[in-house]
Amino acid sequence: LRDFGYDYVELPLAQMMALRQSQFSALAEYVQSTGIPCEACNNFIPSSHPVTGDKVDKIQIAEYFYEAIERASELGAKSIVFGSSGAKNVPQGFSIEKAWDQIIETLVLADEIIGKRDIRIAIEPLCRVESNIVVNAHEGLRLAQEVNRPGVKLLIDYYHLEMEKEDNSIIEKAADYLQHIHLANPSGRTFPQAMDGGDYQKFITSLQQAGYDGRISIEAYTDNFSSSAPAALATVRDACGRG
């Protein structure tokens, strides 16, 4: 990524939390040595730590948050992405309204633990193929507004936006809450490429018109990283008007 000209890397926090301290320290040193910073972490909470339903363990979650946020901070991350469908999906038969309140409590707790660190939690709505709560950007915005904490903002993922057939007008409505962006071709969730059917120009123009000037992560799949990654970067830079 560094050699291709990317600005930063986004790493999965739950997977990094599965590392022993010595392994994580070695990873952090390696990331620092590459010269490309880790400015964002996705996959905040593993499915082993449910935040909805009757099996929520608030003490376990708090302990996890303290260590996870500390590790993200050590890497230099500014955004921690809360998609985490395995942790937040509502168990069958459980009240959606109660689960929504539990998610609010979880995000308030995360904000309290972040404290004065320069980190924000970015709520990532996941389409209903993956999740059964907070499935679109409108719901994500409502959640951020109801949490109403300075450390809790919103992520909009172009892939999920297209999967839910949401209009780009949500971007302007959410302008004050936008913290982070994910991008992938909605057909197959692959790396964006020129002429692949994705309207990246329209999406990014909407972000620019809303005053967003933050990070855009390409969160996607590919069978050929060495060719897809630089082509995707060129596609995004072109859409941003950066050439």
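In this chain, residues are counted from 1 in sequence order. It should be emphasised that the depicted structure is a prediction, and the values quoted were computed from it without experimental measurement.
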Test side chain to side chain contact (heavy atoms under 4.5 Å, CB included) applied to Lys78 and Asp118, step by step: CA-CA 6 Å; Lys78 305 300 182 184; Asp118 185 21; 3.5 Å; yes
side-chain hydrogen bond (donor to acceptor under 3.5 Å, both in side chains) assessment of Thr205 paired with Gln209: CA-CA 6 Å; Thr205 297; Gln209 290 174 342; over 6 Å; no
Residue pair Ile113, Asp111: steps toward the side chain to side chain contact (heavy atoms under 4.5 Å, CB included) verdict: CA-CA 5 Å; Ile113 293 173; Asp111 177 74; over 6 Å; no
Test side chain to side chain contact (heavy atoms under 4.5 Å, CB included) applied to Leu143 and Leu107, step by step: CA-CA 10 Å; Leu143 180 60; Leu107 290 169; 3.9 Å; yes
Verdict with supporting geometry, Arg128 and Asn136, side chain to side chain contact (heavy atoms under 4.5 Å, CB included): CA-CA 8 Å; Arg128 64 196 73 229; Asn136 58 51; 4.2 Å; yes
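Listed here is the closest heavy atom pair of Gln208 and Cys240: NE2-O, 3.1 Å. Considering every non-hydrogen atom in both Pro192 and Thr235, the closest pair reads O-OG1, 4.0 Å. Here the shortest heavy-atom pairing between Asn43 and Pro12 reads CB-CB, 4.2 Å. The shortest heavy-atom contact between Gly5 and Arg237 is O-NH2, 2.9 Å. Contact record, Ala239 with Ile204: CB-CD1, 3.6 Å, taken as the closest heavy-atom pair. Nearest approach of Pro186 to Glu162, heavy atoms of both residues: CB-CB, 3.7 Å.
Under the 3.5 Å distance criterion, with hydrogens and angles disregarded, a donor-acceptor pair is assigned to the side chains of Ser228 and Thr222. Glu219 and Ser217 are not linked by any side-chain donor-acceptor pair at a separation below 3.5 angstrom, with hydrogens and angles left out of the test. Between the side chains of Glu130 and Ser85, no donor-acceptor pair is found at a separation under 3.5 Å. No side-chain donor-acceptor contact under 3.5 Å links Asn185 and Gln193. For Arg189 and His160, the side-chain atoms include at least one donor-acceptor pair closer than 3.5 Å.
In this structure, the side chains of Lys153 and Ile123 stay at 4.5 Å or more apart for every pair of heavy atoms. Considering only heavy atoms from C-beta on, Val236 comes within 4.5 Å of Ile218 through its side chain. Contact of the Arg120 side chain with the Val152 side chain is not registered, since no non-hydrogen atoms from C-beta on lie closer than 4.5 Å. Taking 4.5 Å as the limit, every side-chain heavy atom of Asn89 sits out of range of all side-chain heavy atoms of Thr52. Considering only heavy atoms from C-beta on, His182 comes within 4.5 Å of His180 through its side chain. Annotation: side chain of Pro50 is not in contact with side chain of Ile61 (no heavy-atom distance under 4.5 Å). Asp54 is not listed as a side-chain neighbour of Pro91, based on a closest heavy-atom distance of 4.5 Å or more. Side-chain contact between Arg215 and Glu10: absent, with no pair of heavy atoms (C-beta onward) separated by less than 4.5 Å.
The salt bridge (Lys or Arg N to Asp or Glu O under 4.0 Å) analysis of residues 21-33, with sequence neighbours excluded, yields no pairs. A ring-ring contact (aromatic ring centres under 6.0 Å, His included) check over residues 4-42, counting only residues at least two apart or in different chains, returns nothing. For residues 194-222, the set of pairs meeting the ring-ring contact (aromatic ring centres under 6.0 Å, His included) definition, not counting sequence neighbours, comprises Tyr158-Tyr200, Tyr158-Phe203. Pairs engaging residues 81-106 under the ring-ring contact (aromatic ring centres under 6.0 Å, His included) rule: none recorded [sequence neighbours left out].
Within 6.0 Å of CG on Asp213 lie no more than 12 heavy atoms contributed by other residues, nucleotides or ligands. Residue Gln92 qualifies as open at atom CD: its count of foreign heavy atoms under 6.0 Å is 12 or below. For Gln32, the CD atom sits in a loose shell: 12 or fewer heavy atoms of surrounding residues, nucleotides or ligands are nearer than 6.0 Å.
Applying the salt bridge (Lys or Arg N to Asp or Glu O under 4.0 Å) criterion to Asp3, with sequence neighbours excluded, gives no partner residue. In terms of the salt bridge (Lys or Arg N to Asp or Glu O under 4.0 Å) criterion, Glu172 has no residue partners (sequence neighbours excluded). Annotation: ring-ring contact (aromatic ring centres under 6.0 Å, His included) contacts of Tyr177 (sequence neighbours excluded): none. Take Glu166 and apply the side chain to side chain donor-acceptor pair (under 3.5 Å) test, not counting sequence neighbours, and it matches His138. In terms of the salt bridge (Lys or Arg N to Asp or Glu O under 4.0 Å) criterion, residue partners of Glu67 (sequence neighbours excluded) are, by chain and number, Arg71. With sequence neighbours excluded, no residue satisfies salt bridge (Lys or Arg N to Asp or Glu O under 4.0 Å) with Lys98.
The hydrophobic cluster containing Val135 does not contain Leu161, counting ILVMFWY residues as joined when their side-chain heavy atoms lie under 4.5 angstrom apart, directly or transitively. Taken together through direct or relayed side-chain contacts under 4.5 Å among Ile, Leu, Val, Met, Phe, Trp and Tyr, Ile103 and Leu126 form parts of separate hydrophobic clusters.
Grouping Ile, Leu, Val, Met, Phe, Trp and Tyr by side-chain contacts under 4.5 Å, direct or through others, puts Tyr159 with Val129, Met163. Leu155 belongs to a hydrophobic cluster with Val81, counting contacts under 4.5 Å between side-chain heavy atoms of Ile, Leu, Val, Met, Phe, Trp and Tyr, direct or through other members.
Salt bridge Arg2/Asp7: absent, no basic N to carboxylate O contact under 4.0 Å. Between Glu70 and Arg117 a salt bridge is recorded (basic side-chain N to carboxylate O distance below 4.0 Å). Ion pairing between Lys58 and Glu105 holds under the 4.0 Å rule for side-chain N and carboxylate O.
Judged by distance alone, the side chain of Gln179 and the main-chain N or O of Ile121 form no donor-acceptor pair under 3.5 Å. Of the possible donor and acceptor atoms, one in the side chain of Ser227 sits under 3.5 Å from a partner among the backbone N and O of Asn224. The closest donor-acceptor contact from the side chain of Asp157 to the backbone of Cys127 lies at 3.5 Å or more, if one exists at all.
With rounding to the nearest 0.5 angstrom, the CG atom of Leu207 is 12.5 Å from the NZ atom of Lys202. With rounding to the nearest 0.5 Å, the separation of OG1 in Thr34 from CG in Leu1 is 9.0 Å. Of the inter-residue distances, the one linking Ser48 atom OG with Lys55 atom NZ reads 13.0 Å to the nearest 0.5 angstrom. Rounded to the nearest 0.5 Å, atoms CD1 (Ile181) and CD (Glu124) are 10.0 Å apart. The line from SG of Cys41 to CG of Leu75 is 5.5 Å long, rounded to the nearest 0.5 Å. For the atom pair Ile96 CD1 and Asn132 CG, the distance stands at 5.5 Å (nearest 0.5 Å).
Between Phe225 and Phe191, the angle of the ring planes goes over 60°, which puts this pair in the perpendicular group of the 30/60° scheme.
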